[in-house]
Structures are given as structure tokens and as C-alpha cells.
J.: 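Before we start, here is the structure in question, set down as C-alpha cells.
In what follows, chains carry the letters A, B, and so on, assigned in the order in which the sequence lines appear, proteins first and then strands, with residues in each chain numbered from 1. Since the structure is predicted, the reported quantities are computational estimates derived from the model, not experimental observations.
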Amino acid sequence: MVERQLAEQGKSRRGLGREAFLEATWSWKEQYHGNIRAQLDQLGASCDWSRERFTLDEQLSEAVLEAFVRLYDEGLIYRGEYIVNWSPNLDTAISDLEVEMKEVRGNLYHVAYPIEGSDERVVVATTRPETLLGDTAVAMHPDDERYQHLKAAHALLPLVGRRLPFICDEVVERDFGTGLVKVTPFHDPNDFEMGRRHGLESIQVIGRDGRMTEAAGPDFAGLDRFEARRKVVERLAEEGLLLKVEEHVHNVGHSQRGGEPVEPLVSTQWFCDVSGMAARALAAVEEGELQLVPDSWNKTWEHWLANIRPWCISRQLWWGHRIPAWYTPGGEVVVARTFEEAAAKAGTEELTRDEDVLDTWFSSALWPFSTLGWPHDTEDFRTFYPTDVLITGYDILFFWVARMVMSGLHFTDRLPFRAVHLTGLVRDADGQKMSKTRGNTVDPLDLVAEYGADALRFTLTALDIPGRDISLDPERLRGYRAFGNKIWNATRFALSRVGGAEVQPSLDTAALEAPERWILSRLAKTADEVSEKLEIFRFDEACHRLYHFFWHELCDWYLEISKPALSGDAPRPQVGEVVLTVLDRSLRLLHPVMPFLTEELWQRLPGHEAIDSRSIALAPYPQAEQGWTDDEAEARIEQLIAVVTRVRSLRGELQLPASAELKLFLATEDAAAREFLAAQRVLLGHLLRIGDIALEAAPEGASRDLVAGVEVALVAERQPMGELDRQRLEKEAEKVAGEIRAAEARLGNESFLAKAPPAVVEGNRQRLAELKERHAHLVASLDEG
RNA sequence: AGGCCCGUAGCUCAGUUGGUUAGAGCGCUACGUUGACAUCGUAGAGGUCAGCGGUUCAAGUCCGCUCGGGCCUACCA
């Protein structure tokens, strides 16, 4: 990022000098550290800030040195000349993971290579003609009959005239192009391998700056690699050696940080052999010791680790952990933790330190234990290692997670965590991944300013669906901000109505009436489900459950049901205490997702000190109270809700104006239900805004329906059934009739009766009976009307 | 080339081991405001679950194929 900024100002790190560059980088680091801290603070992250670390802190640097030296001593880190991915813009090698494959429309150039001492020519196909200047062989498949006669021959390299031997190698595909491949060991990974196998000469024609070298010849030296391509093509055409140019779509590796196409080239780098660690990391997931969530990542994990290659860990950069290697005047390598140690090992102080730094991910791989004091046996390390769960985006599964697992197993012999929860990526409006490099990030601070931290947290948590990315929809943010508003208003309302009541640490439900027992039962079940969802990392479902409970059970029903009681019109014992107690538990359940709002409100609940006198963050997370579940109360209130809802719908279907004088008839053969409904006459009147409610069968001419075993019927003054009402009722009756036909068909099926579980069959029978009864009521209503 | 994921209401998405009538939020329509909340309430409309075939008494759910979209991995130059 710093280099990017410099480039925008027309500067480079080489031009700036090492010291000034490091200074600029440190100030950049300070600035971004400040930003990140501000973001975490405003989002309400409750971290242990006393243990905040930066990768270049002394403690972590010590861990990096220790890890490097140990791996070197074990023979797992080595220095060697290999082909690597070179980023000319950054002027450094990068690892395989930092190469991004992009589909590019290019050309496939067919070039004729004359055969020495013959009129024959062979044709090779290439996408990168400029590398031709560094060719040192032509390869064929050993069994390719077309070219057997050339095995002992030599081709003459166009424009250069170099004699190229023919070699045979299995990697050559006979069907691609002409079945012959030009071999450029210095500039192509495949060719590099082939060059090693066949002892080929290796010529560097493209330099680290992306320009052609002296070895490319006087006509090309100094040209940019892409200019060189044009010129080579031009020259080939002039000489009549360019036979064909086909359009060709292929994947080209691009430097993830630099953005330009990588230039594979041979250089001396430090590598880490991770094959052994990879095998252990692979086994950890296979044997279930390490859980990936969702486990659809297991296969990807397996594939990557099973095919892992040596990790190029050196970078030709100035910012990072310097590689702890020194060279004697004789060119001998000494790896040690300190200069003194190196001098002692080498027997001389005349040492030059390796200029390179380590890939930043090398230190990141040690994070879970280096931050706790490793390699020292500290109290922190003993107390907190291994950790439990890592939550992160799947885009750094290999960059970071796999490497932490590998190094954790290697250095501590334990997994750094037992589970990895992989979240989706937050994408922008175009579905593009947000990244610093792309510059399309949304600053959480802006979202916090507009919607509040609680709404943002709730939105991100509710949208964390396994295996899915998050597209940040402003509508969702608005919706969850409204939820926060709802919580605020509901609490404010409660506080104004509960008199001297206080939050209760526990409640004896025996003395309570049905509505109170109902909401406490719903609360207990909600707490139970939320805990369950959190355990299995379904944070989205936990959020939805809480949202539904608070808004649609607590606010829409319980608080409405409680209004007559709270105002004294139909008092019930301990209503205020129950309201406050339910709010207390609800706020605590919501606190991890909406920390600011819940703390603010909770502090205002009278009696919250009995739970915790300091902060809601320190109060225990509510568990399901077994004594509160009450199926009988739930059945009662559910029936009441069903009746109320049906009456409201009926009124809507009949298009009765809100001002219409109505009489409601409720009739049921269930004595207990009848008694309960009769006792709730005031409440029903409040919920339905109907003053006249009779617990008896309706007279003829009423619009009636059956719901939850209760016949509900409405009679409006001077309101004969109109054609519209008739149509609506007929539509409803026809819908029910359709369901009856479906159920009858199912129950008439011998196979169904024989093979379906008895409970399912019985369920269908009951359902059919209910449908028939309901249909009868609807028809009666129509007949009478 | 291989692997993974997705396709369900106008939009963004749920839908556990196959089982009655496929859900939510937003949006839309109608009605509603004397005291928690219009950042609201009540009711409602809206879906051949991408398509085809198969397994099954029963498929949004399991299997196969096709189409469409995304991602990851990969040494066809």
C-alpha cells in the first residue's frame, strides 16, 4: 500500500532510500492502526486491549526468529535457485497464493523454426513470443511419431540462430498446437522443470524490472517485455517465420498486490518445505479434531494441502522481518537468532546479513501462540493456548488459517483452535469483493454513523449464512435500525407503566395467569433455541429467533395483551414484574449483537442490580429456565391469538369499516376454553375493538368461521351480506375444499396407509376432520347470508 | 481441466434428518393515529421452488442430466 501511494506521487522506494521508506511505512502503519482501532471501538468490539499486538513487536519478532531458525535446523527451510513468481512492479518474489489468475484474451503465435542442415521447418506455438529469445530447446512427446526423426537434430532459433536440441518429455501434450513446445527454462515454470530434467542451459532474457536483458540481444535489450513481444512478432513476420496468429483466451497469473502480470523467473530465494505440516493439518480435519464450519470447506482444504508445494518465504522488500541469515566472505550461509550467535557459529564477525525479508504471512502463521509469549513458557501461553474458535473470512483460509494450523501443530504440537467458522465476504453493490487493493471498501465508520453500530452488527450477523456472501443492502440496515427503535420504544413504554415493579432474578410461575406464563414459556424456549444456534455457529438463525420473539411475540402480543392489566382495567398479578423480567432476559440475549442499545436500556431497568450491578456485558447470558415452559398456557394463548387474528381477517374480508358496530359470537364445546375466553372479555374487546362479545352460538345470518376449535361469528348492525362478501367467503370455502380433496386422495391411497408412519397418517386424518368442519361453517355462513 | 456453491414472492434471502397448507425482512395494496413506537399497527395480494428425467406412498429437500450465475484450485505452451 505504501508503494502504491508512492507510485501515485511518482516515487519509488528505491528513489526514496531505505530509511525514508521505512519511516513512511511506519507512519502509514500508525495511521491505519488508528483507523482499525477506531472501527473496532465504534463497532463495540470487547477485546482485551492489553494484549493487542503488532506483527513487528519485539515479542513477535523473537518468535519469528525462533521459528525460522528451528525450521532451518530441521532442514525444512532452505535457500535455492528456483523459478518463482516475480512481481516487476513490486520488485520482489511473491508466493503462489499471491498470484491471481485472470482470463486474458491473447494470441497463440505459430512460429517456424528451421532445422539445421535441412530444408525442413518445425512449428511451435507460443503465447509469449518474446521469451523465444531465451529458448534453449524444443520439446516433443517421446511417443510422438511425427517427430521421431528429429530426435538427434537441432533447430535454429529464429532471430538469434542458436542451435536448439530436441528433447523428449512426457509433459508435452501431443494434441495441443503442433505437439512441439519451445523451452525457455528461465522464464516458464514448466520449462524450468524440463530444463532441470534434461540439463538444459538457462538464459535470462527478461530482467527483474520487466525489461529485456543484454542476453536478449542488441535489438531488444532495454525494451519493456510487452514492447519486445511486438517487436519479436514484427521481426518474425518480416522473416516469414510467423505462420499463423490465432486468438487465444488463456489464464495469466497477475500479482495480487502489484496488479501486473507476474513474470516467472529464476532467482535465489528462501523456501519452506511444508509438506509434513500440511499432512498433519489435513489429518486434523479428516479426523474431526479440527472443525471447519461450514464443512463444505473440507474438500477444498484437503485438495490444497494434498497438493501443496514449497512456500517461497523471502521477499525483496524493505518492510518486514529480516531473514536471520548471514554470509561469510567465502559465501557460506549461517542462520542464527542474533548476529553474535551467527558470528560464533561462523567463527568470524565479517558477516553480511541477507537483504531479504520474510513473507508477512510467515509471522501471521505464528499468531495464536506468538502473541501469548511463545517461545517462552509464559503464563498467558499456558492459560490461553490453545484457543477455541477462529472466526474469519474464507478468503484467507490458506493464506492464514491453514498456515496457523500447520505452524501450531509443528511448534506446539497442538491445534491452535478446535473450530474455524468461515463467514461470507461482504461484497459491494456490484457483488465485488471489498479489498484494500481494489479500493472499494466501505468504511464501517460511515455505516455506523448512518445506521448505528447496533444495526450494523445485527445486519452482518443476521446475514452470516453458511456458504453465502453478504451483499450489504441498505434496506436491511434500515430494517434492523427500526428493530433497535422498536426495542427502545417497547422498553420506554414498559418503564412508564410498571409502577414500582422490579426485575426478578427468578419467578414463581404458579401464581401467574396464562398470558404471563405464556410469555415466560416463549422466552424460555427462545433462550434455549438461541443457545443451541450459537453452539452450532448459526448466528443468523439466532438473530432471527430473537427478532421474532421480541417484535412479534413480546411487542405485538404480550405487551398488547398486558395493556389492560397495566392500566388497571383488568389487573393480573405481577404483570409489571413479568414485563421487566422478560425485558431483562431479552436485552441480555440481544446484548452480544446490539451492545450499545441493550446496555443503555438495561441500566434503566429497576432492579437490574440484582442480576449485576456493573454492566450488562458482565451479567450472565440467560439460559432456558426449565420451570417456565408451560405448554398449557401456550395452547391457551395460541388459541386466543388464533381467534383474534381470524376475527380481524373476517372483518377485513367483509370490508367492515373500523367504525362499524359489531357483535362477536364465540362458541366452543371445550369447556375450559370457553371459560378462559369468557374471562378475557375485556382483553378481547381491547384487542379487537369490539365492545359486544357473547360466549354463545351465533344467530342465523352471521358471517362465521371455525378456528382452533372455536366458532367465531360476526354480526354487523344493518349489514346484509353483500356480493363482495359472498365472493370472499366462497373463495375461502373453495380453497378449503381443495385441501379436503388433497387430504382425501392421500388417505384413500393404500400405499400411503401401509407405508407412511402412523403418526403422519393420523395427522392427516385429524387435519381432514378439521377441514371438513371448517368447510361446513363457511358453507353455513354462505347459506344463511 | 478438476472441485465447491448458488438458482425459492417484485428485491435480499431462510427452509434442519424427505411428511399435512413453502416462510422471513423489505417493497406493494387497503384500512388505521385519544398516549410506547408512522422508524408504527391491522389485514391482504404475490411463488409451475431454473428446466427435464428418476427414486419414493410422499420431493423445494435425495439421485442423474441440461441451462444460467458465482467462487476456488490447476504447469496445454
J.: Indicate, with a heavy-atom threshold strictly under 4.0 Å, whether A/Lys533 touches base, sugar-phosphate, or nothing.
T.: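 Since no nucleic acid heavy atom lies under 4.0 Å of A/Lys533, the category is nothing.
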
J.: Would you call A/Glu739-A/Arg767 a salt bridge at under 4.0 Å N-O?
T.: yes

J.: Can you find a side chain N or O atom of A/Ser649 that sits less than 4.0 Å from OP1 or OP2 on B/rG44?
T.: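 For B/rG44, OP1/OP2 do have a side-chain N/O of A/Ser649 under 4.0 Å.
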
J.: Using Watson-Crick or G-U wobble geometry with both distances below 3.5 Å, tell me the partner of B/rA43, or none.
T.: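 B/rA43 is paired, partner B/rU29.
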
J.: Students often get this wrong, so: under 4.0 angstrom with heavy atoms, is A/Arg538 touching a base, only sugar-phosphate, or nothing?
T.: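 Answer is sugar-phosphate: A/Arg538 comes under 4.0 Å of backbone atoms only.
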
J.: With a 6.0 Å cut-off on ring centres, are A/Phe186 and A/Phe192 close enough?
T.: no

J.: Remember a base hit wins even if backbone is also touched, and classify A/Arg174 as base, sugar-phosphate or nothing at under 4.0 Å, heavy atoms.
T.: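 Counting heavy atoms under 4.0 Å across all strands, no contact is made by A/Arg174.
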
J.: Using a heavy-atom cut-off of under 4.0 Å over every strand shown, decide if A/Arg128 touches base, sugar-phosphate, or nothing.
T.: nothing

J.: Looking at B/rU34, I'd like to know if its phosphate oxygens (OP1 or OP2) sit under 4.0 Å from a side-chain N or O belonging to A/Arg689.
T.: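 The answer is no; no side-chain N or O of A/Arg689 sits under 4.0 Å from OP1 or OP2.
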
J.: B/rG41 phosphate, OP1 or OP2: any side-chain N/O from A/Lys486 under 4.0 angstrom?
T.: yes

J.: Name the nucleic acid region contacted by A/Ile465, choosing base, sugar-phosphate or nothing; use a 4.0 angstrom heavy-atom cut-off, strictly under.
T.: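 Result for A/Ile465 = sugar-phosphate.
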
J.: Taking CZ from A/Arg468 and P from B/rG70, how many angstroms apart are they, rounded to a whole number?
T.: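 Result: 14 Å.
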
J.: Under 4.0 Å, heavy atoms only, any strand: does A/Glu560 hit a base, just the sugar-phosphate, or nothing?
T.: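 Base contact.
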
J.: Can you measure A/Glu553 atom CD to B/rA24 atom C1' for me and round it to whole angstrom units?
T.: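 Taking atom C1' of B/rA24 as the reference, CD of A/Glu553 is at 14 Å.
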
J.: Starting at atom CG of A/Asp169, determine the distance to atom P of B/rA77, rounded to an integer number of angstrom.
T.: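 My rounded result for the distance is 16 Å.
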
J.: Grab the CZ-C1' distance between A/Arg478 and B/rU39 for me, whole Å please.
T.: 11 Å

J.: Assign A/Phe192 to base, sugar-phosphate, or nothing according to its heavy-atom contacts below 4.0 angstrom with the strands shown.
T.: nothing

J.: Using a 4.0 Å heavy-atom cut-off across all strands, classify A/Asn251 as base, sugar-phosphate, or nothing.
T.: base

J.: Looking across every strand, which nucleic acid part, if any, lies under 4.0 Å from A/Trp551 by heavy atom: base, sugar-phosphate, or nothing?
T.: sugar-phosphate

